[in-house]
Asks: 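The structure follows.
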Amino acid sequence: MADLRVIVLYFAKSAELTGVKEEELVAVPTPISSLELWTLLLQRHPRLRLLQDQVVLAVRQQYVAIGDQVLTLGDGDEEVVDAVSSAS
Amino acid sequence: MADLRVIVLYFAKSAELTGVKEEELVAVPTPISSLELWTLLLQRHPRLRLLQDQVVLAVRQQYVAIGDQVLTLGDGDEEVVDAVSSAS
Amino acid sequence: MTASEEPRNVFKLSRDWLSVQEVVDAVSSASCGAISVFIGTTREDECDGRKVIGLEYEAYELMAQSEFRKLCDDIRARWPTVTHICVHHRLGWVKVSEASVAMAISSPHRHDGQQAIQHCINQLKASVPIWKKEVYDTQEASWKENAE
Amino acid sequence: MTASEEPRNVFKLSRDWLSVQEVVDAVSSASCGAISVFIGTTREDECDGRKVIGLEYEAYELMAQSEFRKLCDDIRARWPTVTHICVHHRLGWVKVSEASVAMAISSPHRHDGQQAIQHCINQLKASVPIWKKEVYDTQEASWKENAE
């Protein structure tokens with residue numbers, strides 16, 4: 001168990017909702033599941049909740065589903081949060 | 001029953017075999033079937049026989065199969081004889 | 001559709017190099033999100049140990065035009081959303097790796113156009129009176145079915 | 001194939017107008033008789049009574065490159081005769097009737113390339129991280145799934 005510094009990139013609608021394109025998270029616990037990480041992002045940016053099921057996460061340029069999957073994060077990893085709204 | 005003047009156009013291999021791109025046939029009997037017309041062309045240019053099954057006839061820009069089909073030719077009609085060799 | 005958006009069927013036989021951009025521009029339309037394009041080129045090939053150096057194309061031009069119109073009617077009956085159709089075909093000498101045919105079809109969505117372009121090239125080869133002669137490095141030549 | 005004919009996978013994200021000719025040239029090969037091309041353009045469209053005047057594209061560029069490489073591997077596994085693959089995608093503002101994506105695939109014979117180009121555009125939209133925002137004449141805008 002360790003704490004890490006993680007870079008989060010936001011794209012498209014997620015960047016609009018958070019108001020930032022990139023931010024640094026310090027003291028991210030590891031190991032962490034993708035669901036826990038998403039919850040952590042929602043605490044920082046409650047408006048991300050608007051994305052609901054449309055959110056897509058990627059870690060080290062690999063897509064990850066939001067669920068129990070444990071992410072092995074390295075210090076300074078890029079984590080990408082991107083999202084699109086559903087087609088209306 | 002009448003006799004007609006018909007223009008025959010040859011393309012591709014049929015032009016190579018006959019040595020002409022275009023010729024006029026006089027005193028073509030009408031009505032005439034497509035098979036009779038083809039036979040008439042073979043009499044004039046025996047080398048057309050080399051085309052065998054690959055020959056395609058067209059009258060007034062419509063393809064016609066070689067067979068019993070009776071062609072209604074008008075005076076000065078273009079009749080097209082085109083042919084390709086089989087792919088080797 | 002506005003008046004300028006009447007469905008267009010464009011067919012050109014040309015002794016010059018084919019421009020893909022020209023074919024694409026001929027079908028472009030603000031109402032279409034998809035342009036499907038096919039380009040057929042002369043392939044470096046061998047036939048009985050002889051190397052193909054180019055193709056010689058010949059057409060019955062008037063009839064090619066009328067068969068193209070029939071083909072367009074057929075395409076529009078099968079895929080009614082097809083908007084514009086353009087086919088340019090070379091005549092005469094086409095050396096290896098040059099385009100002998102370039103065609104484009106525009107449609108609001110991509111699926112119809114992609115189906116239509118496959119039908120268009122298949123039927124063009126089957127029914128439009130254009131013939132090709134393979135010319136070999138041995139100075140020999142032979143007329144080919146245009147089906148390939 | 002000669003050394004110059006090693007299979008090429010070309011991917012470019014561009015803020016400039018896309019050249020169809022450039023995409024076609026990138027895949028041309030003397031060993032190929034067929035080049036299949038797809039062009040996606042911004043369609044004049046309405047959404048809830050608002051008129052779309054253009055699209056704004058954004059990409060996660062590094063990841064888009066790596067997803068494109070995976071897609072090329074997938075295409076070559078499914079259609080081993082595919083020779084070269086080239087995709088150019090616009091970023092930023094693309095107004096109605098301009099191309100947002102242009103892609104070309106060359107193959108010795110046309111059937112494989114035509115199948116592969118359909119798979120390529122479907123998978124590009126499904127897996128490559130490029131997002132689009134529809135911009136309306138009302139000054140409003142909304143991010144869209146890239147699936148259409």
Side-chain angles (χ1 to χ4, degrees), chain C residues 1-2 5 17-25 27-46 51-55 83 94-111 113-122 124-125 147-148, chain D residues 1-2 5 17-25 27-46 51-55 83 94-111 113-122 124-125 147-148:
Chain C
M1 287 193 200
T2 63
E5 288 272 301
W17 182 86
L18 302 182
S19 159
V20 184
Q21 191 65 54
E22 197 182 322
V23 172
V24 168
D25 289 346
V27 303
S28 83
S29 157
S31 69
C32 289
I35 298 176
S36 293
V37 182
F38 178 78
I39 300 161
T41 58
T42 302
R43 196 158 59 89
E44 198 171 70
D45 207 356
E46 298 227 336
K51 205 169 137 188
V52 176
I53 57 170
L55 298 177
T83 305
V94 182
K95 68 174 194 283
V96 161
S97 89
E98 285 189 359
S100 51
V101 63
M103 54 177 68
I105 291 179
S106 56
S107 52
H109 301 281
R110 68 181 181 276
H111 188 74
Q114 286 176 329
Q115 299 298 309
I117 199 91
Q118 294 188 34
H119 185 73
C120 186
I121 178 66
N122 290 343
L124 187 87
K125 286 173 180 266
E148 145 123 345
Chain D
M1 286 194 200
T2 63
E5 287 273 300
W17 181 85
L18 301 181
S19 158
V20 184
Q21 191 64 54
E22 197 183 321
V23 172
V24 168
D25 290 345
V27 303
S28 84
S29 158
S31 69
C32 288
I35 298 176
S36 293
V37 182
F38 178 78
I39 300 161
T41 58
T42 301
R43 197 160 58 90
E44 198 172 69
D45 207 356
E46 298 228 337
K51 205 169 135 187
V52 176
I53 58 171
L55 298 177
T83 305
V94 182
K95 67 174 196 283
V96 161
S97 90
E98 285 189 359
S100 51
V101 63
M103 54 177 67
I105 291 180
S106 56
S107 52
H109 301 281
R110 69 182 179 275
H111 188 73
Q114 286 177 329
Q115 299 298 310
I117 199 92
Q118 294 188 35
H119 186 72
C120 187
I121 177 66
N122 291 343
L124 188 86
K125 286 173 180 266
E148 147 121 342

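Throughout, a chain's letter reflects where its sequence line sits, starting with A, and its residues are numbered from 1.
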Asks: Taking all non-hydrogen atoms of both residues, which atom of C/Arg110 and which atom of D/Asn122 are closest, and how far apart?
Replies: NH2-OD1, 2.6 Å

Asks: When you compare the side chain of D/Gln115 with that of C/Gln118, does any pair of heavy atoms fall below 4.5 Å?
Replies: yes

Asks: Kindly indicate whether the side chain of D/Ile39, heavy atoms from C-beta on, has any atom under 4.5 Å from the side chain of C/Val24.
Replies: yes

Asks: Sort D/Val96 into side chain, backbone, both or neither according to what part of it lies under 4.5 angstrom from a heavy atom of chain C.
Replies: side chain

Asks: Can you tell me which portion of D/Ser36 sits under 4.5 Å from chain C's heavy atoms? Options are side chain, backbone, both or neither.
Replies: both

Asks: Listed by chain and number, what are the ring-ring contact (aromatic ring centres under 6.0 Å, His included) partners of C/His119, not counting sequence neighbours?
Replies: C/Trp79

Asks: Between C/Ala30 and D/Ser97, which heavy-atom pair has the shortest distance, and what is it?
Replies: CA-CB, 4.0 Å

Asks: Looking only at heavy atoms and a cut-off of under 4.5 Å, which of C/Ser28, C/Cys32, C/Ala102, C/Ser29 has the most pairs with chain D?
Replies: C/Cys32

Asks: Please determine, among D/Glu44, D/Glu98, D/His111, the option with the most heavy-atom pairs under 4.5 Å with chain C.
Replies: D/Glu44

Asks: What pair of heavy atoms forms the shortest contact from C/Ile117 to D/Gln114, and how long is it?
Replies: O-NE2, 4.5 Å

